[in-house]
Every structure is written in C-alpha cells, then in structure tokens.
Amino acid sequence: MAPLLDIGALGVDLATAGGSRRIVDDLSLRVGQRESVGIVGESGSGKTILIRAVLGLLDPPLAVAGGSIAFDGRELVGLDERRFREIRGRDIALTTPEPRKHLNPLLTVGRQIANVIRAHRDVAHAAAAEEAIGLLRAVGIPDPERRMAAYPHELSGGMCQRVIIAMALAHRTRLLLVDEPTAGLDVTISRQILDLMHQLAESHGTALVLVSRDLGVVAHYCRRVAVMYAGRIVEDASVAAFFERPVHPYSRQLLRAAVAARDGAARERRSSALLPPAETGCAFRLRCPVAVAECAATAPPLAPLAGAAGHAARCLRAAAIAAGEIAA
Amino acid sequence: MTGTPLLTVEGLDKDFPVGGGRILKAVQGVSFEIARGEALALVGESGSGKTTTGRCLLRLIEPTAGAIRFDGVDLRALGLRRFRAMRPRMQMVFQEPYESLSPRMRIGRLIEEPLRMLPGLDAAERRRRALEALAMVRLGADAYDRYPHQFSAGQQQRVGIARALVTRPDLVLLDEPTSALDVSIRAEILDLLSDLQADLGLAYLFISHDLTAVRRVCQRVAIMYLGRIVEIGETEQIFERPLHPYSRALLSSVLYPDPRRRLSRFLLQGEIPSPIDLPRGCHLHARCPWAEDRCAEAYPPIDDHGQGRRVACYRAAEMADMRET
C-alpha cells in the first residue's frame with residue numbers, strides 16, 4: 001500500500017541578512033496508513049518546523065527549499081493557500097501544547113463540531129448537534145449536553161485537546177499531527193489524552209505523528225520512531241528495535257538521558273551537551289564519543305543497516321556500533 | 001535527623017477571594033518539616049497549591065493562617081525589616097532561567113545582586129563571592145563578564161543557581177527548576193543540585209509537577225492535591241509503595257522509555273475539579289477508582305503509617321497490600 005504521507009529529501013531554509021541557512025535538510029520520512037510514528041528531538045532540532053511544513057504553515061523567513069511532501073499521492077509543496085485550507089483540519093489535523101489556539105474563540109464548541117459535520121454531509125442543525133453530543137461523549141467529556149454551549153476559554157487545556165480530537169473524528173481525519181502531546185497537560189490528564197488518541201487511531205484508522213521530547217510517550221504510543229538532530233533525521237527504526245538497540249550515538253545519549261531522568265539512581269556525566277552542532281561533516285561529531293577524522297570530512301547519508309530491515313541511521317560508524325564492535 | 005528542624009510549617013492556610021463572596025482555598029492545613037541539609041519535594045498538578053505554599057514561606061504572599069518557623073524563629077511574627085535580614089538564608093531558583101535574569105546585566109552583577117541584602121561587603125568581596133558561586137555551579141570565571149543571552153538554557157539555569165547560592169543560604173526553594181529544560185540538560189542540572197546539597201549541606205524545598213524529576217535530589221516527598229498534602233514520606237518508600245490512590249495514579253502516569261514495560265492501568269477518571277468549587281469529602285473521591293461512600297462524606301484524617309509516612313486516605317492500609325492490577 002502507498003504511504004499516506006511521503007516526505008522526500010525535504011529542505012527548509014531560513015532567510016537571514018547574510019544569506020539563507022538550511023535548517024531542515026535531506027529529510028525523508030514515510031508514514032503508512034494507520035501507522036503511528038514518533039518524531040523525537042530536543043528544542044531546535046527542527047521537528048516543529050517539519051510539522052508546519054507538512055501543513056503549509058511556514059511563514060517567511062522560513063520556506064521550503066526543495067524536496068517533496070506527498071499526502072495520499074498528492075504533492076503539497078507549492079500548493080496554494082486555498083487548497084491547503086481544504087486539507088488542513090479535514091484530512092490532516094494538528095494539535096499543539098496550546099490547543100485552544102486551534103479553536104474559534106467566538107463559537108461554542110458544540111457549534112464548531114456541528115459545523116464540521118454539516119460541512120461534510122447534508123444534515124439538519126438538530127441532527128448535527130445530536131451527533132456532536134455523541135462525539136463529545138466519545139472523547140470523554142462529562143456532561144456533554146451542557147458542554148456544547150461552552151466557549152473554548154471556559155474549558156481546560158485537556159478539554160480543548162478532547163474537542164480537537166472530537167473534530168478530527170467528525171472530519172474522519174486521516175492524519176493527526178500532535179506536537180508535544182503531553183506538554184501543558186497535567187500528568188494524570190495526559191495519560192487519558194494519549195489513550196484517547198491511541199483509541200482514535202485504532203478504531204478509525206487515523207495515522208498519528210507524535211512529535212515529542214519525551215521518549216516515554218514514543219515507546220508506548222508509537223510503532224516507529226524517527227530521531228531528529230540539527231534538522232536531519234539521524235535514525236529511523238521500529239520502536240521495538242530502537243529501544244532494544246539504538247545505533248546512532250545521539251540516539252544512544254538521548255535514551256540514556258531519558259532513562260536517567262526517569263530513574264533516580266542512574267547518573268549521566270557529560271558536559272558536551274552544550275556544544276552546538278558542527279557546520280560541516282556530521283553535525284553531531286563534536287559531541288560524539290566515537291567520532292573519527294572522517295566524520296569531519298563527510299556528512300553521512302541516512303543509510304539502511306545491513307541485516308536490519310526498516311532500520312536506518314545517519315552515521316559512518318553505524319555498522320560497527322550495531323555489531324557491538326565499538327561502544328557509543 | 002536530630003535537633004530543631006530548619007523549617008517547620010504548621011496548619012498553613014491560604015485563601016484568595018475570587019469575587020461574588022466566593023473563596024478559593026488554595027492551601028488548607030498544610031504541615032511539614034525540613035531538617036537541616038534535607039531536601040523535601042512538594043509535588044502536585046495544577047491547582048494543588050504547591051506554588052502558593054512556596055510563596056507563603058518566602059512571604060511573597062501572606063498566609064491566611066498557620067505558623068512558619070525558620071530556625072526556631074516565627075517568620076510571620078517578624079517585622080519586615082527583621083524578615084529582610086533573614087532572607088539571605090532562604091533563596092529561590094526559578095523555572096524560566098532566562099526570564100529570571102535581567103538581559104542587560106552582566107552575569108557577575110546578576111550574581112552579586114542578592115549580596116546587597118548583606119551589610120558590609122565591599123566590591124572586591126562581592127566579586128570574590130560571585131566567582132566562588134560560579135565555580136560551585138561549574139561555570140568558568142570567564143562567565144563573570146558575559147551576558148545571559150550568550151549562554152544556553154542549561155548554563156542560564158546554572159547562573160540562576162549561583163545567584164541563589166551566593167548569599168550562602170541554609171534553605172533554597174526550587175520552583176520547577178528543570179521543567180523548561182531538555183531531557184539531557186535536565187539530568188545535568190538535577191545532578192548538580194544533588195551534589196550541591198551534599199557538599200554544602202543545603203536544605204531544599206523542591207516544587208515540581210514531575211514526581212520523577214525530584215527522585216534523585218530529594219530524600220522526602222510531599223504529594224499535594226487540591227490544596228492539601230495527601231501523602232508525605234521518604235522518597236524511595238513512596239516510589240516503591242505509594243499508599244494514597246493519588247500518589248499511585250501519579251506514578252502510574254509516568255511513561256518509562258521502554259516499550260516492554262507494561263503500562264499501569266491505575267488511572268484516575270475525569271478532570272481536576274476547580275479549587276473554587278472543592279468537592280465535599282475527600283477532594284479526589286469523584287476521580288478515584290477506590291472511592292467508597294464515606295469518601296464523599298468527610299475529608300479523611302492524615303494518619304501515621306510509620307517511618308515518617310503520613311497518608312490522608314481511609315483505605316491507605318488496604319492500598320499497602322494491593323498488588324499492581
């Protein structure tokens with residue numbers, strides 16, 4: 001089956017006074033129908049810019065500078081704003097740490113969901129409202145009849161997330177992009193929201209892309225993971241393979257830090273985390289414990305690992321690390 | 001630990017009037033102690049009252065009721081002048097390192113600023129103390145003449161910590177010091193805080209929404225929900241065997257970065273109620289999978305369960321025997 005989202009060699013440039021700077025580079029990623037993919041990276045890795053590029057939401061000084069983004073076979077790069085608006089929210093929905101921003105502040109949430117239903121099908125107001133109540137109930141909003149009349153500002157962040165999920169259900173959205181699914185939510189609420197998204201994906205066949213700094217979220221709610229560093233994907237693997245044996249030295253550091261953060265006993269001693277990405281060669285080489293002279297000369301491609309289907313890494317030493325010949 | 005506690009908080013209440021004659025009870029009956037050199041975490045979600053509690057201690061806001069004793073002195077009875085003289089012994093580290101540092105001031109001056117509360121320090125002595133604080137947080141002396149924007153978020157938080165340490169405090173209040181940082185930086189800052197506590201004999205009150213963040217730094221944890229402490233005890237004991245359903249749910253919500261680890265099903269229902277409209281009985285009962293009729297009637301007393309553990313739940317003893325479902 002053709003992938004739902006097929007990003008090929010995408011580049012995004014940032015225009016500056018001194019010329020343009022490539023901030024997303026050679027980025028290829030496929031998301032299958034019904035697949036859930038986690039994109040992991042720290043602040044500044046380019047993961048949010050990637051999502052905005054997919055939605056056609058990049059504003060100057062940012063611009064797509066090459067490559068392609070195909071959604072269900074249709075090229076999105078260069079699509080005009082009017083066409084993009086048809087896709088956004090309907091076929092592809094987005095939620096961010098500020099879910100309220102994606103709702104219209106002037107309309108009740110009941111009205112917004114009913115509007116979505118009526119945009120797709122020729123049903124009467126009353127019937128659409130009835131359906132909207134059902135959707136609010138389905139996403140776990142208590143007392144949905146009363147909540148229909150609430151405005152977004154009257155709802156908590158978690159409730160607004162649920163309303164966006166209800167709208168995605170109404171649209172029969174095929175791809176849900178979730179930027180930092182747990183940020184801004186209380187911990188006892190964020191598990192509920194993640195479970196809800198997971199159920200939505202399972203029952204409605206919606207594909208999920210979860211962009212997160214939290215490897216714990218990816219471990220439990222995604223099938224595949226792509227790790228971003230300095231605007232590039234440095235590792236792409238199934239969740240099972242990645243957490244069993246990450247290959248890229250950056251992925252390894254990230255996973256060790258995540259384990260240490262969750263586990264009081266472990267201590268990670270490192271001061272190189274403060275070094276910026278290298279401008280030439282492998283971007284990670286200044287922080288890399290196994291970098292060799294060649295890493296400064298060559299920017300490695302994202303290459304498949306021999307003998308590990310669906311696992312790729314952007315590292316000259318990947319084969320040796322995967323074979324356990326060197327410890328990264 | 002022996003001797004008088006460094007900090008004793010007893011029956012702390014803080015009400016905020018919210019109009020229409022209604023009252024938001026942000027903090028209710030909060031009591032705890034911190035020994036010298038001990039780190040206590042105050043953990044809770046939004047509306048738990050953890051931040052309000054911290055601000056009451058530094059008298060950034062006035063409590064409605066309760067006693068706060070620092071090194072045996074009743075802080076609430078002190079006049080403002082005598083309280084100010086006490087302040088250098090209690091310092092604070094903020095969540096957003098950059099926003100808490102004035103962008104136009106050089107790092108050296110920023111760190112020296114709190115020293116103005118101390119009488120009789122000349123410029124040379126202030127500089128010496130600032131350089132000493134920089135070294136404590138493992139920043140080089142060259143940082144002294146630079147500006148905040150020249151540093152990464154992790155380095156800025158080190159500056160924030162140096163600024164708190166420069167007055168040689170006994171107690172440091174840490175308000176979500178790692179929440180705004182990336183995971184790899186977070187681990188470094190937590191290690192630094194833990195080392196500083198051991199080396200300098202500091203006491204901490206570590207306010208956080210993230211139970212796992214406090215684990216490596218704090219010896220004890222107090223868990224708050226809607227204005228009250230629901231459980232307090234030694235960190236490792238609470239991690240191993242939480243006795244309050246809320247503590248258990250918080251621990252269940254932690255997603256370990258290991259897909260083979262089974263997700264706990266001990267979850268709470270629904271949303272956190274508004275602190276303006278507090279539920280009758282136990283504040284958790286409507287969300288709690290273990291609630292019984294009596295839980296909706298009266299707030300449970302906070303009972304002693306040995307080894308310094310206190311829990312406000314009618315069913316805490318049963319919880320102790322409950323296995324993971």
Side-chain angles (χ1 to χ4, degrees), chain A residues 40-45 140-142 155-159 162 182 184-192 194-195 213-223 238-240 242-244 250 253-276 287, chain B residues 43-48 138 151-155 178-188 190-191 194-195 209-218 225 235-236 239 246 249-272 274 284 286-287:
Chain A
V40 174
E42 304 201 318
S43 352
S45 60
I141 291 186
L155 299 179
S156 69
M159 287 280 193
R162 288 175 202 269
T182 56
L185 290 182
D186 279 311
V187 286
T188 59
I189 305 296
S190 66
R191 267 290 303 274
Q192 294 175 7
L194 285 165
D195 284 351
R213 298 194 295 188
D214 186 346
L215 275 172
V217 169
V218 173
H220 294 282
Y221 292 93
C222 298
R223 290 276 175 75
S238 73
V239 159
F242 180 84
F243 285 90
E244 176 77 34
Y250 176 65
Q253 273 188 18
L254 209 56
L255 185 55
R256 276 201 298 268
V259 170
R262 290 298 182 219
D263 174 4
R267 285 171 80 89
E268 172 86 340
R269 281 256 166 261
R270 208 180 61 254
S271 55
S272 61
L274 305 173
L275 293 171
R287 286 170 59 177
Chain B
V43 174
E45 297 176 282
S46 34
S48 65
R138 300 170 199 150
F151 292 88
S152 68
Q155 288 170 322
T178 59
S179 302
L181 303 174
D182 275 324
V183 186
S184 56
I185 314 287
R186 199 177 293 180
E188 289 185 8
L190 291 173
D191 281 350
S194 170
D195 290 349
H209 70 279
D210 181 358
L211 199 48
T212 55
V214 306
R215 187 173 184 179
R216 75 169 76 183
V217 180
C218 297
Y225 185 71
T235 308
E236 284 316 306
F239 267 81
Y246 181 69
L250 274 187
L251 283 167
S252 295
S253 304
V254 173
L255 295 167
Y256 284 86
D258 179 356
R260 289 166 307 184
R261 198 157 166 157
R262 208 163 55 90
L263 284 181
S264 166
R265 292 277 122 217
F266 194 95
L267 295 180
L268 299 175
Q269 312 294 310
E271 299 257 312
I272 304 168
S274 158
L284 190 69
R287 304 180 69 200

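Lettering of chains follows the sequences in order, A, B, ..., and the numbering in each one begins at 1. Because only heavy atoms are used, hydrogens play no part in the values below, and waters and symmetry mates are left out as well, while side chains stay in.
Both the sub-6.0 Å distance and the 45° axial angle are not jointly satisfied by A:R287 relative to the ring of A:Y250.
Side-chain N or O atoms of A:Q192 include one that pairs as donor or acceptor with a backbone N or O of B:L268 at under 3.5 Å. Judged purely by atom type and a 3.5 angstrom limit, A:D186 has no side-chain atom pairing as donor or acceptor with the backbone of B:E45.
With a 4.5 Å cut-off on non-hydrogen atoms, A:L194 touches chain B through its side chain but not through its backbone. With a 4.5 Å cut-off on non-hydrogen atoms, B:Y246 touches chain A through its side chain but not through its backbone. Interface remark: A:Y221 contributes side-chain atoms only to the contact with chain B (heavy atom separation under 4.5 Å). Contact of A:E42 with chain B is made through backbone and side chain together, with heavy-atom distances under 4.5 Å. B:L181 touches chain A through its backbone: at least one of N, CA, C or O sits under 4.5 Å from a heavy atom, while the side chain does not. Of the two parts of B:T235, neither the backbone nor the side chain holds a non-hydrogen atom closer than 4.5 Å to a non-hydrogen atom of chain A.
Here A:A219 is the residue among A:G158, A:G140, A:S190, A:A219 with the most heavy-atom pairs under 4.5 Å with chain B. Top candidate by heavy-atom pairs under 4.5 Å with chain B, chosen from A:V218, A:L215, A:V239, A:V187, is A:V187.
Interatomic distance, CG of B:L267 versus CZ of A:R191, reported as 4.5 Å (0.5 Å rounding).
With sequence neighbours left out, A:R213 forms a salt bridge (Lys or Arg N to Asp or Glu O under 4.0 Å) with B:D182.
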Just do the side-chain hydrogen bond (donor to acceptor under 3.5 Å, both in side chains) check on B:R287 and B:Y225 with the steps written out, would you? CA-CA 12 Å; B:R287 304 180 69 200; B:Y225 185 71; 3.2 Å; yes
